[in-house]
Amino acid sequence: MLPSKFLSWLIGVSMILLILSSLSLHQFSNNYDNSSIARSVFNFILVNSSSIHLKQNGRGDQLKSPPIPSEMPKKEDTDIHEAGFQVSGHTMNMDERGQHRGSVCDQSRALLRVYMYDLPSEFHFGLLGWKGCANQTWPSVSIPNRFPPYPGGLNLQHSTEYWLTLDLLASNTANVDRPCGAIRVQNSSEADVIFVPFFSSLSYNRHSKVQGHEKVSVDRMLQDKLVQFLKGRVEWKRLGGRDHLIVAHHPNSMLFARNKLGWAMFVLSDFGRYSRKLANLEKDVIAPYKHMVRSIPIANSPSFNERSILMYFRGAIYRKDGGAIRQVLYYLLKDEKDIYFAFGSVQANGIKQAGKGMASSKFCLNIAGDTPSSNRLFDAIASHCVPVIISDEIELPFEDVLDYSEFCVFVRASDAVKKGYLLNLLRGIKQENWTKMWERLKNISRHFEYQYPSQPGDAVDMIWQTVSRKKLATQLSVHRKNRYSRSQSS
Ligand SMILES: *[C@@H]1O[C@H](CO)[C@@H](O)[C@H](O)[C@H]1NC(C)=O
Ligand SMILES: *[C@@H]1O[C@H](CO)[C@@H](O)[C@H](O)[C@H]1NC(C)=O
Ligand SMILES: *[C@@H]1O[C@H](CO)[C@@H](O)[C@H](O)[C@H]1NC(C)=O
Ligand SMILES: *[C@@H]1O[C@H](CO)[C@@H](O)[C@H](O)[C@H]1NC(C)=O
Ligand SMILES: *[C@@H]1O[C@H](CO)[C@@H](O)[C@H](O)[C@H]1NC(C)=O
Ligand SMILES: *[C@@H]1O[C@H](CO)[C@@H](O)[C@H](O)[C@H]1NC(C)=O
């Protein structure tokens, strides 16, 4: 007979092995596979099944809330300092560019001249179910809400592609009030940037599964076609694609094509699933997610004393890469009465609740998940809830003109897991200091709004400005490439 001590030791060890093996199964399984063994083991071990939903929501585009064309309230007039930008040595701000009314923006005053390929509609609005007339590539955008809306729910968080395309179309449309940021030109040799109007995130969200008799998914097919198209264009060949702008906001979008189009400028949510060589801050643009919660009007933003929750977090408990910290934090924080820490994916009515929760909280936690970024940060900003960022690899939109330390609290992952560290830090931030960050948040939240038509200093305008700043880096890389262009290659 085995001594019972030994027996329980044996059981303990095998439990640990079981957990470890389930974790690694998860770790190495493909992203969105349902690894049901690992999941059930996980459920079994951690369970509080009423509060833990191991829902895989990376592709979670299941929500069926109505499509939302933008309904942002117009913001107070804007302070433009952080939106100033520098092009070839002189600073110019949005006042000089102004907001033109009624007429199409003057090409010579625009910040960025953009040539947009007239790709067939299957690459863009066709994915939204739009069918133009025989020779019509683009819907008319002269009347808001008359063009196809982007699908609602979690799809929307990656809708950057849609807003940028709409804005380019609007730049040639009379009677649309928008900032004179980018203007679409018809002659590619007059363009600073060539825009590739492929709705790659929607293509991934909607069409990445092989259906019926298809050999490859529609998403894959479109990417292959796109690569073929681009590689055949003189515009691409001219600089190897360096002046091309490709939007791939969903971390898994352009999965097949990205390696073949690596010189292009990407508009991304983060670099988590890209190699350093393929994507980096020198050439690429980090764009915000479109937030899911409603933004609170600046005038009604609850102040320090009106926010009874110290810190708010809601998210899936189990995340791969870097997400383990969520569990550690959960056990450190779950007994604090002024902390809201819940697991579960955001459901249809959950968005409204999350919005309420964040607006009642002083701080909102952002912990690395599947990827270093998530739309939670932008929900927090829209709620004027000071973000606490625990994600060492996160890249932040517009950080060259925004100092996030003015309105966010950054905590290294290694510190956050120390007992008491986070709570001491947050409880130590007094009303006066918090209010400063909150004031700043109220000022900068407009930079994270996607809307049609675009407004000065909103997300679309900020993205064009960022692209315009990258132009110099692109130029540098082109000039370097030209160094030996006179010598005969032998
Ligand atoms: C994952 O599970 C969900 C339901 O739980 C199912 O609808 C989906 O098809 C599964 N995906 C894969 C790749 O097996
Ligand atoms: C499980 O979660 C529910 C709701 O969040 C809670 O009421 C219950 O006490 C929890 N049970 C355990 C064992 O933690
Ligand atoms: C589209 O086709 C119609 C007739 O088929 C023609 O009258 C019209 O000019 C065409 N429009 C463009 C933009 O080519
Ligand atoms: C495009 O612009 C270039 C340079 O300005 C010019 O040489 C060319 O003729 C233009 N092409 C067309 C079709 O207008
Ligand atoms: C809070 O603000 C005061 C003055 O505004 C400053 O002296 C102090 O260093 C700040 N404290 C923290 C923790 O930031
Ligand atoms: C926010 O903007 C207003 C005016 O737009 C300005 O008066 C105020 O100083 C700004 N506050 C901060 C903290 O930047």
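All residue numbers in this chain count up from 1 along the given sequence. Each ligand, and each atom within it, is numbered from 1 in the order the structure gives.
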Quiz item: Can you tell me which residue and heavy atom of the protein come closest to atom 5 (O) of ligand 4, and the distance to 0.1 Å?
Solution: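 Result for atom 5 (O) of ligand 4: Glu190 OE2, 3.9 Å.
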Practice problem: May I ask you to identify the nearest protein heavy atom to atom 9 (O) of ligand 4, giving residue, atom name and distance to one decimal place in Å? | Solution: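 Looking only at protein heavy atoms, the one closest to atom 9 (O) of ligand 4 is Asn187 ND2, 4.7 Å.
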Self-check item: Sub-4.0 Å atoms of ligand 4 with respect to non-hydrogen atoms of Ser189
Solution: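 Listed by number with element, the hits are 1 (C), 2 (O), 3 (C), 4 (C).
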Quiz item: Per the side-chain contact (heavy atoms from CB on, under 4.5 Å) rule, which among Leu112, Thr173, Leu169, Asp167 passes with Arg184?
Solution: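 That would be Leu169; it is the only one of Leu112, Thr173, Leu169, Asp167 passing the side-chain contact (heavy atoms from CB on, under 4.5 Å) with Arg184.
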Exercise. Would you confirm whether any non-hydrogen atom of the protein falls under 4.0 Å from atom 11 (N) of ligand 4?
Key: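 Yes, there is one.
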Quiz item: So, for atom 7 (O) of ligand 4, does the protein have a heavy atom nearer than 4.0 Å?
Solution: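 When distances to the protein are checked, atom 7 (O) of ligand 4 has no heavy atom within 4.0 Å.
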Quiz item: How far apart are the closest heavy atoms of His158 and Tyr150, and which atoms are they?
Solution: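 That would be O-OH, 3.8 Å.
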Practice problem: State, to 0.1 Å, how close His124 and Thr137 come at their nearest heavy-atom pair, and which atoms those are. | Solution: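 That would be CE1-O, 3.3 Å.
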Quiz item: Are Arg440 and Glu406 within salt-bridge range, i.e. N to O under 4.0 Å?
Solution: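 Salt bridge between Arg440 and Glu406, a charged N being under 4.0 Å from a carboxylate O: yes.
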Exercise. Please state whether the rings of Tyr204 and His250 are parallel, tilted or perpendicular, taking 30° and 60° as the class boundaries.
Key: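 Plane angle between 30° and 60°, so tilted.
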